[in-house]
Engineer: 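Attaching a single structure in structure tokens format; questions to follow.
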Amino acid sequence: MSQIENQPLLQPYQKGALHLNNRLVMAPMTRSRSNNPENVPNELNAEYYAQRASAGLIISEGTPVSPQGVGYINIPGIYSAAQVEGWKTVTSAVHSKGGKIYAQLWHVGRMSHPDFHNGELPVAPSAINPNDQAFTAEGFKPTVTPRALEVEEIKGIVEDFRNAAANAVKAGFDGVEIHSSNGYLFHQFFNRCSNQRTDAYGGTIENRARLLFEVLDAVKEVIDLSRVGVRLNPSMHEQFGITVDEETAPTFEYIVKRLNDYNLAYLHLTEASPKVAELPYAIKEVAKHFRPLYHGTLIINGGFTQETGNKVLEDGLADLVAYGRPFIANPDLVERFAENAELNAPDYNTFYSNTGAVGYTDYPTLAQTVEAR
């Protein structure tokens, strides 16, 4: 028997440009299944997203805005005409099932490798090695010390995001999300550990946040900001070379408060991991901390279950909840929540691989599971 009337997650959501059938968001997740020379989305990608179209909103895997922004193998881009055509196949498939899908626009910055750039160094705010691993065609390789961007190059990256947003519109996406999170380019500008610039993009909090707002000002020329989301991970620590310090919280508070001036579709935040529990200046409860500061739609993600997702909505700390791994293994996650049904377990070995449909589009729905019994 359906439990839809009792679950906040399953209630519709309408605000601004968001008209969603429920409050479950499929989180953006790299899956490395666009394994062709031009990194063009394919029919298998379209099938994968269409299977999950019952989500209130799908946010696509990160899609690079330029060749320079690439840092993982087999990921679909959004900077070429062929890629736009490929994404049209995806968006059409999702829309045919009644779904909504945003494109996540991405530049990995220093989390890349010379293998992706004909031997040239990846770029970053400053020449500081994150001392992590890059996922290349030859497997994981240690990251290198990147090249610091020139100011004129930064202006070029702003244009890349504008062009990518225009391409997303051409491809039929319902909106875009700026991936300013998880240790990638924008995050590298935000944090002092990765940004030691002394020009207009470094030093003060305002300067370190400048790139994000320049990109938003550029993107709004090709898509209404009511169809643009921003993703942030304020408490990310000891991942991809990012560390929390005493200026991290004030930096993200400044960013979030200023985002109120932009009439965005949403702000997408990631909850803190247990590793920051002992850090005196880290934000331990992200949704609770930023809810009073941000006046628009708030998406929260980070290991939520059906129970905790309903609870965070009941408590008024978020409007929508994003799920990652549960959506990988359960294309019909919404229906399973409605029936309080058991979930498929994800196969971690096939998350980022060349296994094609295996671990990608072959997870059974609840109906198929029941039928097989």
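From a predicted model like this one, the values you see are computed outputs, not experimental measurements. Here, residue 1 is the first one in the sequence, and each next residue gets the next number.
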Engineer: Minimum heavy-atom separation for Asn22 to Leu320, with atom names?
Structural biologist: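 So the minimum-distance heavy-atom pair works out to O-CD2, 4.5 Å.
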Engineer: Just so I know, are the side chains of His107 and Phe186 near enough to count as touching, which here means a heavy-atom distance under 4.5 Å?
Structural biologist: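 SC-SC contact between His107 and Phe186 ruled out.
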Engineer: Answer whether the closest heavy-atom distance between the side chains of Tyr360 and Thr350 falls below 4.5 Å.
Structural biologist: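 No. Closest side-chain heavy atoms not under 4.5 Å.
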Engineer: Would you mind listing every side-chain hydrogen bond (donor to acceptor under 3.5 Å, both in side chains) that reaches into residues 232-241, with sequence neighbours excluded?
Structural biologist: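 Only Asn182-Asn233 qualify under side-chain hydrogen bond (donor to acceptor under 3.5 Å, both in side chains).
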Engineer: Which residue pairs pass the salt bridge (Lys or Arg N to Asp or Glu O under 4.0 Å) test with at least one member in residues 139-151, sequence neighbours excluded?
Structural biologist: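 Found Asp115-Lys141, Glu138-Lys141, Arg147-Glu153.
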Engineer: Checking side-chain hydrogen bond (donor to acceptor under 3.5 Å, both in side chains) against Tyr48, which of Glu43, Arg31, Arg33 comes through?
Structural biologist: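 Single pass found, and it is Arg31.
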Engineer: Do Pro76 and Trp87 have side chains that approach each other closer than 4.5 Å (heavy atoms only, starting at C-beta)?
Structural biologist: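 Sidechains of Trp87 and Pro76: in contact.
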Engineer: Where does the angle between the aromatic ring planes of Tyr348 and Phe351 fall among parallel (under 30°), tilted (30 to 60°) and perpendicular (over 60°)?
Structural biologist: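 Rings of Tyr348 and Phe351: tilted, 30 to 60°.
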Engineer: Less than 3.5 Å apart, any donor N or O on the side chain of Glu177 or His268 sitting next to an acceptor on the other?
Structural biologist: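 Note: Glu177 and His268 side chains meet the donor-acceptor criterion.
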Engineer: Quick test of your reading: applying salt bridge (Lys or Arg N to Asp or Glu O under 4.0 Å), list the pairs with at least one residue in residues 182-198, sequence neighbours left out, ordered by first then second residue.
Structural biologist: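 Pairs touching residues 182-198 that pass the test: Arg192-Asp245, Arg192-Glu246, Arg192-Glu247, Arg197-Asp199.
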Engineer: Could you tell me if the side chain of Val25 sits less than 4.5 Å from the side chain of Tyr13, heavy atoms only?
Structural biologist: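 The answer is no; the side chains never approach within 4.5 Å.
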Engineer: When the ring centroid of His95 is compared with that of Phe173, is the distance short of 6.0 Å?
Structural biologist: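 So the answer is no for these two rings.
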Engineer: Could you tell me whether a side-chain N or O of Thr63 sits under 3.5 Å from a main-chain N or O of Gln104, the two making a donor and an acceptor?
Structural biologist: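 Checking the backbone N and O of Gln104 against the side chain of Thr63, no donor-acceptor pair under 3.5 Å is found.
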Engineer: When you measure from the side chain of Asp174 to the backbone of Lys100, do you find a donor-acceptor pair of N or O atoms at a distance under 3.5 Å?
Structural biologist: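 No: the side chain of Asp174 does not pair with the backbone of Lys100.
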Engineer: Check for me whether the distance between the ring centres of Tyr352 and Tyr72 falls short of 6.0 Å.
Structural biologist: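 Ring centres of Tyr72 and Tyr352 not closer than 6.0 Å.
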Engineer: Classify the ring geometry between Phe327 and Tyr323 as parallel (under 30°), tilted (30 to 60°) or perpendicular (over 60°).
Structural biologist: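 Answer is perpendicular, since the angle exceeds 60°.
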Engineer: Between the main-chain N or O of Asp132 and the side-chain N or O of Thr143, is there a donor-acceptor pair closer than 3.5 Å?
Structural biologist: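 The answer is yes, because a donor-acceptor pair under 3.5 Å joins these two groups.
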Engineer: Begin with the C-alpha distance, continue with both residues' side-chain angles, and end with the deciding distance and a verdict on side chain to side chain contact (heavy atoms under 4.5 Å, CB included) for Val151 and Tyr201.
Structural biologist: CA-CA 8 Å; Val151 170; Tyr201 294 92; 4.2 Å; yes
